[in-house]
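Inspection log for the structure reproduced underneath, given as structure tokens.
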Amino acid sequence: MAHDSDHHEHDHDHGADDHEHDDEELERQARRLVALSRIRQYGDPVLRMKAREVEAYDDDLTRLAERMTALMHDANGVGLAATQVGVLQRLFVFVDDGEDRVLVNPVLTKSSRDTDTDDEGCLSLRDVLVPVERSRAVTIEGRDLAGDPVSYELELPSARVVQHELDHLDGVLIIDRTDDASRRTALATLRPQPVLGSR
């Protein structure tokens, strides 16, 4: 899931550290573009596939989770599902209250009737923000990287993030959960633009 503040506004003191700050900002943007190029984008068939249960809690799984966590941060996201990196396993990473979390074989065991509609972005659907209705509070259970059971009782915004990532593991995208008008606008943005001069 994309971070709300994708487009940071920066106030500058015009001084010696301006150049340093600009360099840092350029480096951050470059890292973000590289990360996004490693995340599957809309149109990739893997994003529509249902992930399989994880059976082996091994070094490969740990490495996958570490790679996904680094990609999520570099891409300025708050959640990333394994399907978004082309791996059909039921695993996602997310940020909860400043902490990085990994959830393997996640299952939503409780959702509040109370809902909230807010704009959601997605690292696999660049430049798209659509309103999505989600439960305000959820309980999600699964396993950690060692295979031990874990359970999180989450409220917004983390509750929204885990619902978004769980959808990814079932091949569901935010454009499937929004209203018709928002979906049409999003699809127009996502459609490849015709190249001038091509037939």
Side-chain angles (χ1 to χ4, degrees), residues 1-3 28 30-112 120-126 128 132 134-135 137-177 190:
M1 184 163 163
H3 205 288
R28 195 183 66 79
R31 267 207 316 270
R32 180 166 188 262
L33 288 173
V34 169
L36 286 170
S37 74
R38 292 183 178 149
I39 293 170
R40 301 298 180 97
Q41 295 301 310
Y42 178 77
D44 191 313
V46 77
L47 293 173
R48 289 304 194 178
M49 293 177 181
K50 204 173 155 94
R52 294 182 291 272
E53 293 274 310
V54 170
E55 286 169 10
Y57 293 84
D58 54 14
D59 289 348
D60 286 345
L61 191 71
T62 302
R63 276 195 293 272
L64 173 64
E66 285 169 356
R67 183 166 71 93
M68 286 168 57
T69 302
L71 270 179
M72 169 182 73
H73 285 298
D74 284 351
N76 196 26
V78 288
L80 188 68
T83 48
Q84 290 179 276
V85 293
V87 178
L88 287 174
Q89 290 199 301
R90 297 192 78 77
L91 156 84
F92 65 73
V93 297
F94 69 107
V95 180
D96 171 38
D97 211 12
E99 294 278 318
D100 291 339
R101 309 239 187 248
V102 180
L103 205 47
V104 184
N105 296 337
V107 179
L108 216 52
T109 54
K110 214 151 95 190
S111 303
S112 66
E120 276 185 32
C122 178
L123 295 174
S124 292
L125 286 83
R126 285 190 227 181
V128 164
V132 178
R134 302 276 190 195
S135 293
V138 298
T139 302
I140 193 162
E141 296 178 6
R143 297 189 178 269
D144 63 15
L145 289 171
D148 296 324
V150 285
S151 175
Y152 298 108
E153 289 180 21
L154 302 170
E155 295 181 353
L156 296 174
S158 294
R160 177 174 292 281
V161 176
V162 297
Q163 290 171 84
H164 176 110
E165 300 311 329
L166 194 55
D167 272 353
H168 271 300
L169 300 181
D170 293 324
V172 176
L173 301 175
I174 51 175
I175 49 173
D176 306 327
R177 293 216 180 265
L190 291 164

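The figures here come from the full heavy-atom set of this structure, side chains too, leaving out hydrogens, waters and symmetry mates. In this chain, residues are counted from 1 in sequence order.
With rounding to the nearest 0.5 angstrom, the CG atom of N105 is 4.0 Å from the CD atom of E53. We find the OG-CZ distance between S151 and R143 to be 12.0 Å, quoted to the nearest 0.5 Å. F94 CZ to M68 CE: the interatomic distance, rounded to the nearest 0.5 Å, is 11.5 Å. Once rounded to the nearest 0.5 Å, the distance linking CG of L169 with CZ of F92 reads 7.0 Å. Considering CG of L71 and OG of S37, their distance stands at 8.5 Å, rounded to 0.5 Å. Separation of atoms CG (L36) and CG (N76) is listed at 9.0 Å; rounding is to 0.5 Å.
Evaluated for a side-chain contact (heavy atoms from CB on, under 4.5 Å) with V104, the options L61, D148, V150, D144 yield exactly one hit, L61. When each of L80, T62, V85 is checked for a side-chain contact (heavy atoms from CB on, under 4.5 Å) with R67, only V85 meets the rule. The salt bridge (charged side-chain N to carboxylate O under 4.0 Å, His left out) test with D167 singles out one residue from R134, K50, R160, and that residue is R134. When each of R177, H164, Q163 is checked for a side-chain hydrogen bond (donor to acceptor under 3.5 Å, both in side chains) with E120, only H164 meets the rule.
Here the shortest heavy-atom pairing between G121 and M1 reads O-CG, 3.6 Å.
Formation of a donor-acceptor pair under 3.5 Å by the D44 side chain with backbone atoms of V46 is found in this model. Put simply, the side chain of R32 gets close to the backbone of A75: a donor and an acceptor are under 3.5 Å apart.
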Review point. What do the steps show when you test D58 against R63 for salt bridge (Lys or Arg N to Asp or Glu O under 4.0 Å), and what is the final call?
Key: CA-CA 9 Å; D58 54 14; R63 276 195 293 272; over 6 Å; no
Exercise for review: Run the numbers on L103 and I140 for side-chain contact (heavy atoms from CB on, under 4.5 Å), then give the verdict.
Suggested key: CA-CA 9 Å; L103 205 47; I140 193 162; 3.7 Å; yes
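Under 3.5 Å, the side chains of S124 and Q84 contain a donor-acceptor pair of N or O atoms.
You'll find the side chain of Y152 stays beyond 4.5 Å of the side chain of V162, heavy atoms only. Residues C122 and V128 are not in side-chain contact: their nearest non-hydrogen atoms beyond the backbone lie 4.5 Å or more apart. The side-chain heavy atoms of D74 and R38, taken from C-beta on, include no pair separated by under 4.5 Å. Side-chain contact check for T83 versus R40: every heavy-atom pair is 4.5 Å or farther apart. Residues V93 and D100 form no side-chain contact, since every pair of their non-hydrogen atoms from C-beta on lies 4.5 Å or further apart.
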